[in-house]
Amino acid sequence: MNKFTKIFGALSLAAFLGACAQETTEEAPTTEAPTIEEGTPEVPDSPLQVIATTTIVADLIANIGGSRVEVEYLMGPGIDPHYHVASAGDLNRLDSADIIVFHGLNLEERMAEIFENMASQGRNVISTEEAIAADLRLFEEDYEEYDEAGEEEEEHYDPHIWFDASLWKLVADHFAEQLSEIDPSSADYFQDNLQTHRDALAELHQYIQDRTAEVPEESRVIITAHDAFQYFGQAYGFEVMGVQGMSTTAEASTADIAALADFIVDRGISAIFVETSVSSRNIEAVIEAAAARGHEVVIGGYLYSDALGDAGSGHDTYIGMMRANIATIVDALR
């Protein structure tokens with residue numbers, strides 16, 4: 001699997017060509033230029049500079065782009081993309097990139113206008129949103145947005161599509177197609193990388209299904225801080241609930257916590273989960289509320305939701321993160 005490189009700071013490349021001349025009385029020999037066969041791709045002098053918003057999309061674009069791209073990301077491990085506001089440094093890095101990659105579907109909700117503006121300027125902007133047809137998206141039922149006249153303005157969808165490995169293959173297809181349009185000479189190379197990664201994602205999908213079978217059906221309930229795992233639940237057969245909605249910017253009320261505690265007590269759930277990129281405050285409140293009702297529920301472990309793990313953790317790739325999550329879930333619920 002290709003590794004992507006995290007680079008903080010500007011990168012400049014320069015090429016220097018020097019020539020030495022030596023006086024001679026003999027005529028210098030001539031050399032014919034090599035014959036280039038028709039259709040031979042021209043390899044770029046340097047990799048395309050890519051800025052991705054999160055570690056998750058950075059991993060995917062690096063796998064498809066391989067040596068033809070050099071990838072940086074704006075939001076590292078533990079960073080919540082729902083809350084992230086672009087800094088002046090972020091804007092400078094985006095402005096200098098050859099390609100910009102983001103999730104969309106309102107995940108980076110405080111940066112959406114930036115990506116819209118850059119796309120309208122003709123920049124190479126790629127999103128995961130473009131890869132997933134509306135009928136494959138999960139609707140955010142609890143979200144309501146209205147215009148000034150009180151009419152419903154916009155539908156909102158769950159952005160956490162990466163938790164279904166079969167949908168993530170569609171995003172990989174889209175990334176390969178977009179890279180091929182930007183760099184046509186490397187299209188065959190991108191397609192080879194795509195096929196390798198598609199095979200790895202298919203293997204991952206089967207692995208998660210096999211591990212899920214270890215958990216009794218009545219115990220397949222995942223409760224987390226925010227409602228990020230609906231695609232995972234739909235793909236692999238888990239009931240999923242979050243204290244907050246699909247965005248961490250939504251506030252959990254006392255009534256929300258009480259209702260979830262009642263659900264836990266009624267179902268006899270013994271373990272719930274904390275997310276690595278979200279505060280554990282609400283989960284701890286649910287545990288306390290369940291205890292007040294005479295039911296003990298514990299933290300079953302930490303799940304990666306909106307970001308990959310730290311470099312060198314083994315969870316710093318998409319596949320490593322997904323395998324870590326299913327292992328934590330199975331160990332807690334089995």
Are more than 12 heavy atoms, taken from residues, nucleotides or ligands other than [X], located less than 6.0 Å from that residue's [atom1] atom?
{"X": "Tyr302", "atom1": "OH", "result": "no"}
{"X": "Glu296", "atom1": "CD", "result": "no"}
{"X": "Glu203", "atom1": "CD", "result": "no"}
{"X": "Asp188", "atom1": "CG", "result": "no"}

- Message: Can you confirm whether Phe175 sits close enough to His197 that some side-chain heavy atom of one is under 4.5 Å from a side-chain heavy atom of the other?
- Response: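 Result no, sub-4.5 Å side-chain heavy-atom pair not found.
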- Query: Got Tyr189 and Ser67 here, is their nearest side-chain heavy-atom distance under 4.5 Å?
  - Reply: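 Of all side-chain heavy-atom pairs linking Ser67 with Tyr189, at least one is under 4.5 Å.
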- Take Arg293 and Asp262 through the side chain to side chain contact (heavy atoms under 4.5 Å, CB included) test and state the conclusion after the steps. CA-CA 8 Å; Arg293 290 159 172 75; Asp262 288 339; 2.6 Å; yes
- Message: Salt bridge check, Glu284 against Arg281: does any charged N sit closer than 4.0 Å to a carboxylate O?
- Response: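 Salt bridge flag = no for Glu284 with Arg281.
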Measure the spacing between [atom1] of [X] and [atom2] of [Y] and express it to the nearest 0.5 Å.
{"X": "Asp227", "Y": "His160", "atom1": "CG", "atom2": "NE2", "result": "8.5 Å"}
{"X": "Met111", "Y": "Leu94", "atom1": "CE", "atom2": "CG", "result": "5.5 Å"}
{"X": "Thr328", "Y": "Arg323", "atom1": "OG1", "atom2": "CZ", "result": "12.5 Å"}
{"X": "Ser277", "Y": "His84", "atom1": "OG", "atom2": "NE2", "result": "13.5 Å"}
{"X": "Ile257", "Y": "Ile283", "atom1": "CD1", "atom2": "CD1", "result": "9.0 Å"}
{"X": "Leu74", "Y": "Ile51", "atom1": "CG", "atom2": "CD1", "result": "6.0 Å"}

- Message: Less than 6.0 angstrom separating the ring centers of Tyr318 and Trp168, yes or no?
- Response: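 They qualify: ring centres under 6.0 Å apart.
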- Task: Take the angle between the ring planes of Phe232 and Phe163 and call it parallel below 30°, perpendicular above 60°, tilted in between.
- Result: perpendicular
- Task: Look at the side chain of Arg198 and the backbone N and O of Asp173, then say whether any donor-acceptor pair between them is shorter than 3.5 Å.
- Result: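 Such a contact is absent between Arg198 side chain and Asp173 backbone.
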- Query: Can you tell me if Gln195 and Asp199 form a side-chain donor-acceptor pair at under 3.5 Å?
  - Reply: yes
- Message: Under 3.5 Å, is there a donor on one side chain and an acceptor on the other for Thr54 and His103?
- Response: yes
- Task: I would like to know whether Arg211 and Arg334 meet side chain to side chain contact (heavy atoms under 4.5 Å, CB included); could you show each step before the answer?
- Result: CA-CA 10 Å; Arg211 291 302 312 270; Arg334 180 173 50 185; 4.1 Å; yes
